[in-house]
Amino acid sequence: MEEPVSALPQLPIHPLGRAALTCQYRCGNACAHEAPNASENEYFADVVATVLDRRGVLRAGAVLAVSAAGAAMLPGVARASGAAAGDAQLAPEPPGTRFTPVAPNRLDEVVTAQGYRQRIVIRWGDPVLPGAPEFDFAAQNEERQSQQFGYNNDYCGLVPLDNRRWLMVNNHEYTNELLMWRNYDPANPTERQVRTSWAAHGMSVVVVERDPHGGLRVVLDPHYNRRITATTEFDVRGPAAGSALLRTAADPTGRVVLGTLNNCAGAVTPWGTVLSGEENFNQYFANAGLVTDPVTRARLARYGLPAGPSDRRWENFDPRFDLAAEPNEANRFGWIVEIDPRSPGERPVKHTALGRFKHEGATIQVARDGRVVAYLGDDERFDYMYKFVSDGVLLPGGSRRAREHNKRLLDAGTLYAARFTGDSPPSEIDGSGTLPSDGEFDGTGTWIPLARNDVSFVPGFTAEEVYVFTRLAADAVGATKMDRPEDVEPNPHNGRIYAALTNNTRRGTTGQPGPDEANPRNVNRHGHLLELEENGGDHTGTAFTWRLLLVCGDPDAPDTYFAGFDKTQVSPISSPDNVAFDRYGNLWISTDGNALGSNDGLFSVPLAGPHRGHVKQFLTVPIGGETCGPIIEDDFVLVSVQHPGEVDGASADNPASRWPDGPGSQPRSAVVAVFPSRGGRLGV
Ligand code: FEO
Ligand code: CA
Ligand code: CA
């Protein structure tokens, strides 16, 4: 049967916690097809009104962090002592997590735990290339922007350059033209506006060094500093390179693509390159509704390509964004890309062996036999988790030969999708979040092979089709529909894999999949954290066990779970997105779209010992912003503050945030360093 292509204009219906403005520009209203649910709205009002109030009023004796500026805050969580004293309160907190948590708040600033300072490292529009002009909101254009730090930085990676400098690599996920231009007309953007947005997308490479006053500062390095934009040439590699599915009028080879779009999360590889996920690429393309071939239409529908004009109207200025004119151009996005920041003259790569979907990111684990494993999430409601296992093995060391060899490891290997099976009776997984009688949401799982190079394991699919239309292949093998897989990262400390399932308010609603043990809550507003352990510790294997570490939300709500830790002691957490690990093996989580009414934040969680599950908020970001790209070093943290001020009703003429430049300014996304005021290590 012919699949309908999603219709435009779409209704502005959004998950809780994220502004409609963010939904439109970040993911092209990915969830807008969902039916509104009156009880959701009631619930949202209840939560905002009661959680903040209850935590402020009823939690007398709470230990409150105060902002660096001493501003008034909404009171917070984490009793210093209480009725539920247990082992954890007697045991010292593990190193890395010894700080007083920050209370939920809605302040227009970065609020850190007491005893920490902060410094802006770089903001949207700051010079990246030597000689680049300084930011001037009124003078934006493509030429200036292509030399400056891009818009809405998401992932942030540090690649050591020498003993005092790093190459900092940032993704610029998306642009919000309503906040970039005064009097912006979404239906009729100018060529200058569109070209500026092309330059504001992509990635930046910037040399950074320690600032003597704390944190990091930018070096305008003429050799390494680099901008990658929507028009930079990328090589396509791997099994689908050159495929007819990737050929266009402008590129009959199917091997060279202009640009990378909607780059979300990422990782530094063991060989010193950076991987970055092309996520909601669909929103940049127009006119899927004009495509008549039913097979092509079904493929476009599975990836959510819009039927009519795109939100940004890029098709008005480059016909490759018009699917009616160039149906294959969209197939050239949705990949994991790799950039070698040490080789500024080298083209970045799109890796077809890692499949095509709305890639959140990719993180690498080196298996015992030296093969490398990439863990992958497809950030869409009811979509899948994946992994890739290389054919080749890692060559140790940093020699030129080793580096060139290792930079080919993602060209060939096997791509798998994940199936999760709970170990409790389905009758005990009722969608309420109530733990089953064995006390955990847990079970076993299988990695289902999809393809290895030119061999497809999916009946009815060629290998090329598996790689280019990976979602459809994973549908065919019965992968488990998850609640929006975001970061999926191995913890080097314990070898386990941690996946953020950010939320899914459609779970269990009419006509949608119901709960399963890996996604146990209907109308999952706050998401959960999954811990996965490969059998025998073999990351190349096909069998694993798993359990939910956290079921997020208000700790006072019965449907939340913090690895069995005393819920009166934890910070509320909602919509986990990115994960990272510190030197001690503690998990750090950043959030995107706090549906409890607070600003987003960064949280630490011990994974071992009596404090396992003890979630604590380390910082919060300004109003309307998202916390992402966290890097947890020994003596500083870097966070990306993405889309500050992106609140419904906001515009360049009516800014909702003045962060970071203060009164009279427009909000600017930025990288922020946070470090102990007195030096030394974090959290000790
Ligand atoms: Fe761009 Fe899945 O967050
Ligand atoms: Ca169970
Ligand atoms: Ca993300």
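Note that ligands are numbered from 1 as they come in the structure, with each ligand's atoms numbered from 1 the same way.
For Asp592, every N, O or S atom stays at 2.8 Å or more from atom 2 (Fe) of ligand 1.
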Report task. Tell me, with the steps shown, if Asn153 and Ser669 meet side-chain hydrogen bond (donor to acceptor under 3.5 Å, both in side chains). Result -> CA-CA 6 Å; Asn153 49 291; Ser669 54; 3.2 Å; yes

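Atom 2 (Fe) of ligand 1 forms the vertex of an angle spanning OE2 of Glu279 and OE1 of Glu360; to the nearest 10 degrees it equals 90°. Rounded to the nearest 10 degrees, the angle OD1 (Asp423) to the Ca ion (ligand 2) to OE2 (Glu517) equals 90°. To the nearest 10 degrees, the Ca ion (ligand 3) sees SG of Cys264 and OD2 of Asp577 at an angle of 150°. Annotation: angle subtended at atom 2 (Fe) of ligand 1 by Glu486 OE1 and Asp379 OD2 is 90°, to 10°. Rounding to the nearest 10°, we obtain 110° for the angle at the Ca ion (ligand 2) between Asp442 OD1 and Asp438 OD1.
Distances from the Ca ion (ligand 3) to each N, O or S atom of Glu360 single out OE2 as the nearest. Among heteroatoms of the N, O or S kind in Glu440, O lies nearest the Ca ion (ligand 2).
Of the residues listed (Lys481, Arg484, Arg471), the one engaging Glu380 in a salt bridge (Lys or Arg N to Asp or Glu O under 4.0 Å) is Arg471, and it is the only one.
Salt bridge status for Glu278 with Lys350: present, with a side-chain N to carboxylate O gap under 4.0 Å. A salt bridge links Arg302 to Asp383: at least one charged side-chain nitrogen sits closer than 4.0 Å to a carboxylate oxygen.
Judged by distance alone, the side chains of Gln283 and Arg312 do bring a donor and an acceptor atom under 3.5 Å apart.
Side-chain contact between Pro490 and Thr363 is present, with heavy atoms from C-beta onward closer than 4.5 Å.
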